[in-house]
There are 2 protein chains.
Amino acid sequence: MDTDDELTIDAPHRELLDQILDKWSLSILNELCERPCRFNELRRAIPQVTQKSLTATLRRLERNGVIEREVVSTRPVAVRYRITPLGKTLRHPIDVLLTWAAQNMPAIERAREGFDARGEGADL
Amino acid sequence: MDTDDELTIDAPHRELLDQILDKWSLSILNELCERPCRFNELRRAIPQVTQKSLTATLRRLERNGVIEREVVSTRPVAVRYRITPLGKTLRHPIDVLLTWAAQNMPAIERAREGFDARGEGADL
DNA sequence: CGGTATCCTACACGATACTG
DNA sequence: CAGTATCGTGTAGGATACCG
């Protein structure tokens, strides 16, 4: 437990994590880890996301090399997104994160209630 | 590797992760995992953060029960922040994340260059 | 020292309309 | 189907000043 970790978080790391842990990326990656998806499949899988945000997020993930965009020139066009080998290396970190969230959600909720009951952050 | 993960990301999970993986939380938690810190120690450790953002982030982390705030009523007051047992459970997820970032940064940078060179996202 | 209180601005994000 | 274009808004977060 005392792995003496000297990991720091410099700007490039922060920027990278911002691009991959942002509002929609986690859901998209989680989805694409299970199977390749077309654009509208993703929309249905993540109903809250708008076209615009989905497009933007997909582009960003593609730019970072974690997903791939393949255009099938049928009629009408089909576009299929899939995870890349690099993207697959994200699966473990994401799983760890989601598992943590699932396991600790109750404790977090209790903590919030206690905090809020004391009115220490009435404006949060 | 085929753990058949059916982890989904519903709103509460997303909200929770947003509060803990946001711009400054990772740096703060990473710092507090190593030692308790006073307010201005944290500012020095993370020079880019402003007072306002640091205060806000600390409050949010406190609300979620992952850090503790102890006021030492000396003259002038001292305030010491420390990680809680619940917060310590975050160390592994964070380490996994930072390790991933460190290991894959070069690959990501190459992917970005390739993408940008093709001009596919001239406006990103 | 460890914060609040204001003010301000960029940008993330949603809503809506249109297109090859 | 898979986007692009345009507009409008909320708000995260920086700059600055002040306080117990």
Side-chain angles (χ1 to χ4, degrees), chain A residues 9 11 14-28 31-32 36-64 67-82 119-124, chain B residues 9 11 14-28 31-32 36-64 67-82 119-124:
Chain A
I9 309 186
R14 263 249 51 87
E15 192 212 353
L16 173 54
L17 293 176
D18 274 349
Q19 303 213 345
I20 283 171
L21 301 174
D22 79 296
K23 193 170 187 187
W24 302 115
S25 293
L26 267 189
S27 304
I28 293 174
E31 206 63 36
L32 292 181
C37 279
R38 312 229 338 226
F39 187 81
N40 282 325
E41 281 185 292
L42 284 171
R43 289 193 73 185
R44 280 188 294 273
I46 312 162
Q48 309 91 330
V49 73
T50 61
Q51 292 153 325
K52 184 182 174 181
S53 297
L54 181 55
T55 305
T57 307
L58 287 169
R59 283 285 185 284
R60 192 170 39 225
L61 293 177
E62 189 194 356
R63 177 169 183 263
N64 285 292
I67 69 171
E68 248 172 12
R69 182 174 181 268
E70 175 200 359
V71 180
V72 186
S73 299
T74 52
R75 233 291 327 172
V77 292
V79 178
R80 117 183 330 259
Y81 292 92
R82 52 162 47 86
E120 302 176 37
D123 49 341
L124 240 68
Chain B
I9 308 186
R14 263 250 49 87
E15 193 212 351
L16 173 54
L17 292 175
D18 275 349
Q19 302 213 347
I20 283 172
L21 300 175
D22 78 295
K23 194 169 185 187
W24 301 114
S25 292
L26 268 188
S27 304
I28 293 174
E31 205 64 35
L32 292 181
C37 277
R38 312 230 337 227
F39 188 82
N40 282 324
E41 281 185 291
L42 284 172
R43 289 194 71 188
R44 279 188 294 273
I46 311 162
Q48 308 93 327
V49 74
T50 60
Q51 290 155 324
K52 182 183 175 180
S53 298
L54 181 54
T55 304
T57 307
L58 287 170
R59 282 287 185 284
R60 191 170 40 222
L61 292 176
E62 188 194 357
R63 177 169 184 264
N64 285 292
I67 69 171
E68 248 172 13
R69 181 172 181 269
E70 176 200 0
V71 180
V72 186
S73 298
T74 52
R75 233 291 324 175
V77 292
V79 178
R80 119 183 329 259
Y81 292 93
R82 53 162 47 86
E120 301 175 39
D123 49 344
L124 244 67

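None of the values given here were measured: they were computed from a predicted structure. Protein chains get the first letters and strands the later ones, always in sequence-line order, with residue 1 at the start of each.
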Could you state the atom-to-atom distance from CD of Glu70(B) to P of dG2(C) in whole Å? 12 Å
Ranking Thr57(A) and Pro76(A) by the position along DNA chain C of their nearest nucleotide, the one closer to 5' is Thr57(A)
Could you walk me through whether Gln19(B) and Glu15(B) pass side-chain contact (heavy atoms from CB on, under 4.5 Å), step by step? CA-CA 6 Å; Gln19(B) 302 213 347; Glu15(B) 193 212 351; 3.6 Å; yes
Interatomic spacing from CG in Asp22(A) to CG in Leu17(A) - rounded to 0.5 Å: 11.0 Å
Distance, rounded to the nearest Å, where Lys23(B) contributes NZ and dC11(C) contributes P: 11 Å
List the atom of Ser25(B), the atom of Ile20(B), and the distance in Å for their closest heavy-atom pair. CB-O, 3.2 Å
Arg69(B) near the nucleic acid: base, sugar-phosphate alone, or nothing, with a heavy-atom cut-off under 4.0 Å? sugar-phosphate
Rounded at 0.5 Å granularity, tell me how far CD in Glu62(A) sits from OH in Tyr81(A). 7.0 Å
In whole angstroms, how far is the P atom of dC11(C) from the CD atom of Gln19(A)? 14 Å
Could you measure the distance from the NZ atom of Lys52(A) to the CG atom of Leu54(A)? Nearest 0.5 Å is fine. 13.0 Å
Distance, rounded to the nearest Å, where Leu58(B) contributes CG and dA12(D) contributes P: 16 Å
Members of residues 43-51 of chain B that approach DNA chain D, where some heavy atom sits under 4.0 Å away: Thr50(B), Gln51(B)
Can you check nucleotides 7-9 of chain C for protein contacts, nitrogen or oxygen pairs under 3.5 Å, and list what you find?
from: dC7(C); atom 1: N4; to: Lys52(B); atom 2: NZ; distance (Å): 3.4

So, taking the atom named CD in Gln48(A) and the one named NZ in Lys23(A), what distance separates them when rounded to the nearest 0.5 Å? 9.0 Å
Protein-nucleotide distance (Arg60(A), atom CZ; dA12(C), atom P), rounded to Å: 8 Å
In whole Å, what is the span from the CG atom of Leu54(B) to the C1' atom of dC1(C)? 13 Å
If I take atom CZ from residue Arg43(A) and atom CD from residue Gln51(A), how far apart are they, to the nearest 0.5 angstrom? 4.0 Å
Tell me whether the OP1 or OP2 atom of dC1(D) has a side-chain N or O from Arg38(A) closer than 4.0 Å. no
Measure the spacing between CD1 of Ile28(A) and CG of Leu58(A) and express it to the nearest 0.5 Å. 4.5 Å
Between Ser53(A) and dG14(C), is there a side-chain N or O to OP1/OP2 distance below 4.0 Å? yes
Hey, is the main chain of Val49(A) close enough, under 3.5 Å, to the side chain of Ser53(A) for a donor-acceptor pair? no
Does Tyr81(B) make a side-chain N or O approach to OP1 or OP2 of dC1(C) shorter than 4.0 Å? no
Is a donor on one side and an acceptor on the other found under 3.5 Å between the side chain of Arg69(A) and the backbone of Val79(A)? no
Rounded to the nearest angstrom, tell me the gap between atom CG in Asp18(B) and atom P in dA12(D). 11 Å
Contact under 4.0 Å: Arg59(B) side-chain N or O vs dG2(C) OP1/OP2: no
Just compare dG14(D), dG2(C), dA2(D) and give me whichever is closest to any side-chain atom of Phe39(B). dG2(C)
Rounded to whole Å, CZ of Arg75(A) lies from P of dA2(D) at a distance of 12 Å
